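First comes the structure, then the notes that go with it.
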Amino acid sequence: MSSFTLRRSLLYVPGNMPSMLQNIPVFAADTVIIDLEDAVPLGEKDAARRLVRRFLENYRDRRQEVLVRINALDTEWGFDDLREVLPAMPDGIRLPKADTPEIVERLDTFLTEHEEALGVEIGRFRILPSIESALGVINCIDVAATSTRILGLAFGAEDYTASMEIERTKSGEELFNARSRVVWAAKAAGVQAIDTIFSDVKDMEGFRRETELVKTLGFTGKSLVNPRQIEVVHEVFAPKPEEIDYARQVIEAIQRAREMGTGVISLGGKMVDAPVVKRALRVIRTAYAQGLVDEVPGEEVLRG
Ligand SMILES: CC(=O)SCCNC(=O)CCNC(=O)[C@H](O)C(C)(C)COP(=O)(O)OP(=O)(O)OC[C@H]1O[C@@H](n2cnc3c(N)ncnc32)[C@H](O)[C@@H]1OP(=O)(O)O
Ligand SMILES: O=C([O-])CC(=O)C(=O)O
Ligand SMILES: [Mg+2]
């Protein structure tokens, strides 16, 4: 089962905007992604990375996880971004255009060298690769398994639709197969699945619908462009009281069944067996991580 470090909301903050950076400590996002890539105009790349380094140095006592989205490694800025920001100790790097496992391996090697030079634990800097092209979608299963630093796979629909030469719609039919593959790759590798941004920051209903949709597909978090979107994501990813209640009933029912010497029992006319118990346990663990329940049953409920 994948890790329960909460990453429901991952808010992008442009790395060239001091007024936006200074508000980071007040945002309730689980993760902040300071952007040096597409939010920063070409002429400001050098100034932005210096600004981000200064910001990180002054924000050592952090309220949330902080990642830096560097420029792609095949651009003239990617490695300079890393050299500048790593000494200021971000929690990790969001790697755009992670189209092949080789690109992620290059980053992994570079991070190891810097950890040795900085005298910090190997593996300290995590990686969140962005799957945002046709090639990336094809390779995402291998990308997810590249490095133990990988904390999840993030889907990027803006670049993905550009690479597919299609338009992005609000209903998102054109994204369904790519999203599915990204989620499969993430689940198979036991890492988190993070959905893409929703750019119409005024359309809160559309945003909520999209978040509900991706939750049903298996995503556990979403990249965001506006602080208003944080609360909606947290609401959607919170298990509902009735789901928690039902999950508890399932666990009680299976414990009764085990006492009776069977692995299957009926609850309200529906069969409860091992996969139902697994799902119930996930609901309770998610609720626990979000402070909605006080205790989690142990692994033994999964054993017959
Ligand atoms: C496809 C991609 O790669 S997406 C990733 C890269 N893009 C980004 O990082 C963009 C981040 N988001 C933004 O810049 C903005 O939210 C926009 C352009 C999308 C919308 O801008 P606006 O309509 O002006 O936003 P809005 O009116 O909600 O802003 C309200 C306040 O929140 C601030 N704010 C808005 N978005 C952010 C953000 N992402 N981070 C920090 N502060 C923000 C604004 O500065 C403003 O502050 P103020 O009241 O002190 O002036
Ligand atoms: O991470 C995201 O969703 C934003 C992005 O780069 C994209 O969609 O191309
Ligand atoms: Mg992109």
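Every value quoted in this text rests on a predicted model; they were computed, and no experiment measured them. Numbers here are sequence positions counted from 1. First listed ligand is number 1; within each ligand, the first listed atom is number 1.
The shortest distance between side-chain heavy atoms of Phe55 and Gln22 does not fall below 4.5 Å.
Atom 50 (O) of ligand 1 has as its closest protein heavy atom Asn23 ND2, 4.8 Å. Among protein heavy atoms, atom 11 (C) of ligand 1 sits closest to Val225 O, 3.3 Å. The nearest protein atom to atom 9 (O) of ligand 1, hydrogens excluded, is given as Tyr12 CB, 3.4 Å; this is a heavy-atom distance.
Note on Val225: it does not cluster hydrophobically with Leu11, by side-chain heavy-atom contacts below 4.5 Å among ILVMFWY residues.
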**Request:** Start with the C-alpha gap between Lys170 and Asp203, add the side-chain angles, then the distance that decides, and say whether salt bridge (charged side-chain N to carboxylate O under 4.0 Å, His left out) holds.
**Result:** CA-CA 10 Å; Lys170 284 215 172 145; Asp203 179 5; 2.9 Å; yes
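The shortest separation from a heavy atom of Glu37 to ligand 1 is not under 4.0 Å, leaving the residue out of contact.
Ligand 2 has no nitrogen or oxygen under 3.5 angstrom from a nitrogen or oxygen of Ser130. Residue-to-ligand polar distances place Asp159 within reach of ligand 2: an N/O pair is separated by less than 3.5 Å.
The proximity of Tyr12 to ligand 2, defined as any non-hydrogen pair under 4.0 Å, is limited to the side chain. With a 4.0 Å heavy-atom cut-off, ligand 2 is reached by no atom of Arg168. At a heavy-atom cutoff of 4.0 Å, ligand 1 is contacted by no atom of Met17, backbone or side chain.
A 6.0 Å sphere centred on CG of Asp294 holds no more than 12 heavy atoms belonging to other residues, nucleotides or ligands.
Using a distance-only test at 3.5 Å, with no hydrogens or angles considered, no donor-acceptor pair links the side chain of Asp159 to the main chain of Glu132.
Within the listing of ligand 2, atoms 1 (O), 2 (C) sit less than 4.0 angstrom from a heavy atom of Arg94.
In the model, Arg94 has a side-chain atom that pairs as donor or acceptor with a side-chain atom of Ser223 under 3.5 Å. Judged by distance alone, the side chains of Arg7 and Thr220 never bring a donor and an acceptor atom under 3.5 Å apart.
Considering each of Lys97, Glu158, Arg69, the one bringing a non-hydrogen atom nearest atom 6 (O) of ligand 2 is Arg69.
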